[in-house]
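Structure first, commentary second.
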Amino acid sequence: MPELPEVETIARRLREVVKDKRLKTIQVLREKSFQGNPDLLVGSTIIDISRRAKILNFTFSNDLHLLVHLKMTGQLIFVDAGTRVGGGHPTDDWVNSLPSKHTRVVIDFEEPGTLFFNDLRVFGWMKVVDQAGVDQEYGKYAPDVNTTEFALQDFQEKLSKRSQPIKVALMDTSIVSGIGNIYANDALHLAKISPLRPAKSLSSKQVKAVYLAARAVIEKGIELGGATIKTYRTVDGLSGDYQSVVRVYQKESQPCLVCSTPIIRIKQAGRSTFYCPHCQK
DNA sequence: CATGTGCCCTGCATGC
DNA sequence: TGCATGCAGGGCACAT
């Protein structure tokens, strides 16, 4: 579910509440959700929380790392005396008592508080790795869209070799990381480029427009604490506000914000694509 | 190497 | 009500 802005938001929120806490117990309720030996973290203290692509990285005082990928339906919720902080896929588990039937891993700290990893579809994972493991995991991904390492020239070069639709290329983590379905759709609308265009068919000016638009929508997402799509309630400490400014994602038949033409929905690479047939060429 | 498809899982909304 | 289908913010293995 979460894309870069959502994961970044979770990293920032959790940093405030679990940094310097010492792990007391860790329960793995679903084997598939956890790789490695969880007991290696017991007694160790979280000294930092960071993010790369859509992966969260809890750094422990014993130089081990707990990496977390939330995939489509993962959530991380820290609970302490009634207050909840975190985020991820919005479900009733945001407000229901935890653990729930979707809770896969429970982490208790010596200090007050518990961190729940919930994941309805069980696509997500946690894994314990050393620094080499972190490097290996990060090495699978092209630069993050919101960094200087994501260079326009490299982007252009990669796109020039791709005949696949630009929308699909934008979501390819070997080209750029952090852009999922919400922001890929919105970036192309902002750039006024049709998602159907073969990547290699874009002019250099159009590539630049897509590049800048991708960075812009991701930045906006981070600024607003990510998107909480399809939720009927706002939960402090868990939801975000990008959905209030979303351009086309899940807006089939609704008027384009620019020209009022109804937004069209198609399917590309098995995922829904939304775009304005008038504005995006 | 680039591209397309299926698949990992569970739950919800929709339609018959 | 039951049942089938399609869809869900990700990414991998695999075939071609």
Side-chain angles (χ1 to χ4, degrees), chain A residues 1-10 29-35 51-56 67-76 87-94 96 100-104 117-127 136-142 144-145 157-187 198-200 214 217-218 220-222 224-232 238-243 245-252 265-274:
Chain A
M1 73 25 83
E3 303 182 33
L4 189 155
E6 290 73 35
V7 180
E8 177 63 27
T9 298
I10 293 170
L29 306 180
R30 181 90 169 217
E31 291 301 323
K32 195 173 190 305
S33 299
F34 201 98
Q35 300 164 39
R51 177 206 53 76
R52 161 87 166 93
K54 299 168 187 170
I55 298 169
L56 281 159
L67 299 183
V68 187
H69 200 309
L70 301 174
K71 292 290 182 83
M72 300 282 266
T73 59
Q75 314 170 323
L76 280 176
H89 188 60
T91 69
D92 288 343
D93 285 339
W94 275 15
N96 287 349
S100 75
K101 63 185 294 192
H102 303 123
T103 300
R104 311 306 180 195
F117 173 41
N118 304 328
D119 184 16
L120 187 154
R121 290 171 74 180
V122 206
F123 288 173
W125 46 255
M126 282 184 158
K127 61 172 87 172
Q136 184 183 13
E137 193 64 41
Y138 286 5
K140 298 177 183 175
Y141 296 86
D144 287 5
V145 58
E157 207 170 303
K158 283 177 173 168
L159 292 186
S160 71
K161 295 172 186 160
R162 301 292 192 114
S163 55
Q164 65 189 162
I166 181 64
K167 155 68 159 41
V168 177
L170 266 187
M171 293 177 68
D172 185 333
T173 56
S174 69
I175 292 179
V176 57
S177 294
I179 305 175
N181 211 15
I182 297 176
Y183 298 96
N185 279 290
D186 271 21
K200 61 166 65 165
V217 295
I218 290 289
K220 193 69 176 174
I222 293 172
L224 294 178
T228 304
I229 300 287
K230 201 176 114 182
T231 192
Y232 33 103
L238 291 166
S239 49
D241 293 315
Y242 183 79
Q243 69 280 4
V245 299
V246 74
R247 304 177 70 86
V248 289
Y249 181 73
Q250 284 195 353
K251 288 199 168 187
E252 183 181 17
R265 168 180 172 167
I266 59 172
K267 179 154 286 203
Q268 294 180 295
R271 313 291 297 274
S272 284
T273 293
F274 303 84

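Residue numbering restarts at 1 for every chain, and letters A, B, ... go by the order of the sequence lines. The basis for the numbers below is simple: all heavy atoms, side chains too, and nothing from hydrogens, waters or symmetry mates.
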**Q.** Outermost nucleotides of DNA chain B that come under 4.0 Å of a non-hydrogen atom of chain A
**A.**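 Boundary nucleotides touching chain A, in 5' to 3' order, are B:dA2 to B:dG11.
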Do you know the tightest heavy-atom contact between [X] and [Y]?
X	Y	value
A:Thr73	A:Leu120	OG1-N, 3.5 Å
A:Ser174	A:Arg162	OG-NH2, 3.3 Å
A:Val122	A:Ser33	CG1-OG, 3.6 Å
A:Lys251	A:Val246	NZ-O, 3.1 Å

**Q.** Nucleotide-level pairing of DNA chain B, given in dot-bracket where Watson-Crick and G-U pairs need both distances under 3.5 Å and | marks other strands
**A.** .|||||||.|||||||
(Q) In whole Å, measure the gap between the P atoms of B:dG6 and C:dT5 for me. (A) 15 Å
Q: Provide the distance between the two P atoms, one in B:dG11 and one in C:dC12, to the nearest whole Å.
A: 25 Å
Q: Name the residue closer to the 5' end of DNA chain C, choosing between A:Leu120 and A:Lys140 according to the nucleotide with the nearest heavy atom.
A: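 It is A:Leu120, whose closest nucleotide lies nearer the 5' terminus.
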Q: Applying side chain to side chain donor-acceptor pair (under 3.5 Å) between A:Asn181 and each of A:Gln250, A:Glu3, A:Lys167, A:Gln268, report the one that passes.
A: A:Lys167
Q) Which part of the nucleic acid, if any, lies within contact of A:Tyr242, taking any heavy atom under 4.0 Å across all strands shown: a base, the sugar-phosphate backbone alone, or nothing? A) nothing
Q: Could you tell me whether A:Lys101 contacts a base, only the sugar-phosphate backbone, or nothing, with contacts defined as non-hydrogen atoms closer than 4.0 Å?
A: sugar-phosphate
Phosphate OP1/OP2 of [N] contacted by [X] side-chain N/O (<4.0 Å):
X	N	value
A:Lys267	C:dC7	yes
A:His69	C:dG11	yes
A:Tyr183	C:dG10	no
A:Arg271	C:dG10	yes
A:Lys71	C:dG11	no

Q: Would you confirm whether A:Asn185, through its side chain, and A:Val248, through its main-chain N or O, come within 3.5 Å as a donor-acceptor pair?
A: no
Q. Between A:Tyr183 and A:Leu4, is any pair of side-chain heavy atoms under 4.5 Å apart?
A. no
